[in-house]
Amino acid sequence: MENIQIQRYQSPAGELLLGSFGGRLCLCDWTQGKRHEQTIIRLQRGLQATYEIGNSKVTDQAASQLNEYFARRRKSFDIPLLFVGTEFQKSVWEKLTKIPYGVTLSYGEMAVQTGTPKAVRAIANATGANAISIFVPCHRIIGSKHTLNGYNGGLKAKRLLLEMEIEPRNGLLLPF
């Protein structure tokens, strides 16, 4: 059985667990998240692998890029990603990677962009199952009335990430 190399990363928004498998990042998950245990089990089963604590080239690069992101010196990532999920989930996660830094979309807008306008709940569920937070920026998905909702790292972390990316313009406050 192969191993998923994991290491902890302390961000300004909370602790994350980074994991790599086969030279790609498969995990960047909030350790205090409500779905953390489910995510860990899903990855282990999907990859038929065990977890091993230790750095890898990929997790070290991920930590370095996260440092740059939180220092506001990086707006996009170039780490190779490994999605573990259904084809629909993978398509949603791939679409999430295309949302630019500082831009937010509602679940409904995301559903339209994925070509499934009536699948808002399915989009929300796939977004919630994202195992690679920040690199796959599910924090950029907000409620239809510009409300913060549903984030595995908690709403405080989501707010911090969005406030960091979307600086108030002309003294205007963010809508959430």
Side-chain angles (χ1 to χ4, degrees), residues 1-71 73-101 103 105 107 110 113-114 116 119 122-141 150-154 157-158 160-162 164-165:
M1 192 174 261
E2 292 190 58
N3 293 323
I4 301 167
Q5 295 295 128
I6 57 170
Q7 72 182 62
R8 295 188 181 278
Y9 175 83
Q10 188 59 51
S11 84
E15 186 179 67
L16 293 158
L17 188 63
L18 304 176
S20 70
F21 183 84
R24 296 188 282 171
L25 188 70
C26 63
L27 182 67
C28 181
D29 194 42
W30 302 96
T31 59
Q32 299 301 314
K34 57 185 174 183
R35 294 186 182 191
H36 182 65
E37 276 189 47
Q38 291 173 303
T39 300
I40 296 299
I41 292 167
R42 181 170 49 87
L43 285 178
Q44 188 172 21
R45 286 181 181 159
L47 296 172
Q48 298 179 355
T50 59
Y51 289 98
E52 179 178 86
I53 297 172
N55 299 29
S56 71
K57 181 179 176 185
V58 171
T59 58
D60 285 344
Q61 286 176 329
S64 177
Q65 288 190 18
L66 284 169
N67 287 338
E68 293 170 359
Y69 170 80
F70 283 109
R73 293 191 316 264
R74 176 175 287 276
K75 294 183 178 184
S76 63
F77 300 100
D78 57 8
I79 300 287
L81 304 176
L82 175 62
F83 297 138
V84 179
T86 67
E87 290 307 312
F88 179 76
Q89 288 172 326
K90 290 176 186 179
S91 71
V92 170
W93 300 332
E94 183 63 38
K95 198 68 156 169
L96 287 169
T97 66
K98 308 295 186 227
I99 301 172
Y101 182 95
V103 172
L105 292 176
Y107 291 101
M110 186 71 178
Q113 286 194 8
T114 60
T116 56
I123 296 291
N125 288 335
T127 300
N130 173 27
I132 313 175
S133 288
I134 303 175
F135 293 89
V136 178
C138 54
H139 62 277
R140 296 179 187 153
I141 303 297
Y151 191 61
N152 286 337
K158 185 171 188 165
L160 186 144
L161 296 172
L162 290 174
M164 188 180 77
E165 291 185 15

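Start at 1 with the first residue, then count along the sequence.
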Taken to the nearest 0.5 Å, the spacing of L43 CG from Q48 CD works out to 13.0 Å
Between K75 (side chain only) and P100 (backbone N and O only), is there a donor and an acceptor less than 3.5 Å apart?
no
Whether the side chain of N3 engages the backbone of Q5 through a donor-acceptor N/O pair (distance < 3.5 Å, no angle test) should be reported.
no
Side chains of residues 77-84: which donor-acceptor partners sit under 3.5 Å, not counting sequence neighbours?
unit_1	atom_1	unit_2	atom_2	d
D78	OD1	Q65	NE2	2.4

Any heavy-atom pair between the side chains of N125 and F88 that's under 4.5 Å?
no
Taking the side chain as every heavy atom from C-beta outward, state whether E165 and H139 have any pair of such atoms under 4.5 Å apart.
yes
Do other residues, nucleotides or ligands put more than 12 heavy atoms under 6.0 Å from E2 CD?
no
A side-chain contact here means heavy atoms from C-beta on lying under 4.5 Å apart; do H36 and Q32 qualify?
no
To the nearest 0.5 Å, tell me how far I6 CD1 sits from L27 CG.
7.5 Å
Counting C-beta onward and ignoring hydrogens, is there a side-chain heavy-atom pair between T50 and Q44 closer than 4.5 Å?
yes
Qualifying residues under salt bridge (charged side-chain N to carboxylate O under 4.0 Å, His left out), relative to R8, sequence neighbours excluded
E15
Rounded to the nearest 0.5 Å, how far apart are CG of N130 and CZ of F135?
11.5 Å
Closest approach of V58 to L25 (non-hydrogen atoms, all atoms of both residues)
CG1-N, 3.5 Å
How long is the straight-line distance from CE of M110 back to CD1 of I99, given to the nearest 0.5 Å?
5.0 Å
Min side-chain heavy-atom separation Y9-L66 under 4.5 Å
yes
Please report the closest heavy-atom contact between G128 and N152, naming both atoms and the distance.
O-ND2, 2.8 Å
Between S133 and C138, the two heavy atoms sitting closest are OG-SG, 4.3 Å
Quick one, I123 and K95 - any side-chain contact, counting heavy atoms below 4.5 Å?
no
Atom pair CG (N55) and CD (Q61), whose distance is rounded to the nearest 0.5 Å:
12.0 Å
Check whether any side-chain heavy atom of S76 lies under 4.5 Å from a side-chain heavy atom of Y101, and answer yes or no.
no
Rounded distance [0.5 Å steps], CD1 in I134 versus CZ in F70
4.0 Å
Pairs satisfying salt bridge (charged side-chain N to carboxylate O under 4.0 Å, His left out), at least one member in residues 22-50, at least two apart:
none
What's the shortest heavy-atom distance between V136 and W93, and which atoms?
CG1-O, 3.5 Å
Side-chain (S64) to main-chain (D60) donor-acceptor, under 3.5 angstrom
no
E94 and K90: salt bridge (charged side-chain N to carboxylate O under 4.0 Å, His left out), yes or no, with the steps?
CA-CA 6 Å; E94 183 63 38; K90 290 176 186 179; over 6 Å; no
Smallest separation among heavy atoms of I4 and A49, with atom names
CG1-CB, 3.8 Å
Distance-minimising heavy-atom pair for C28 and L16:
SG-CD1, 4.0 Å
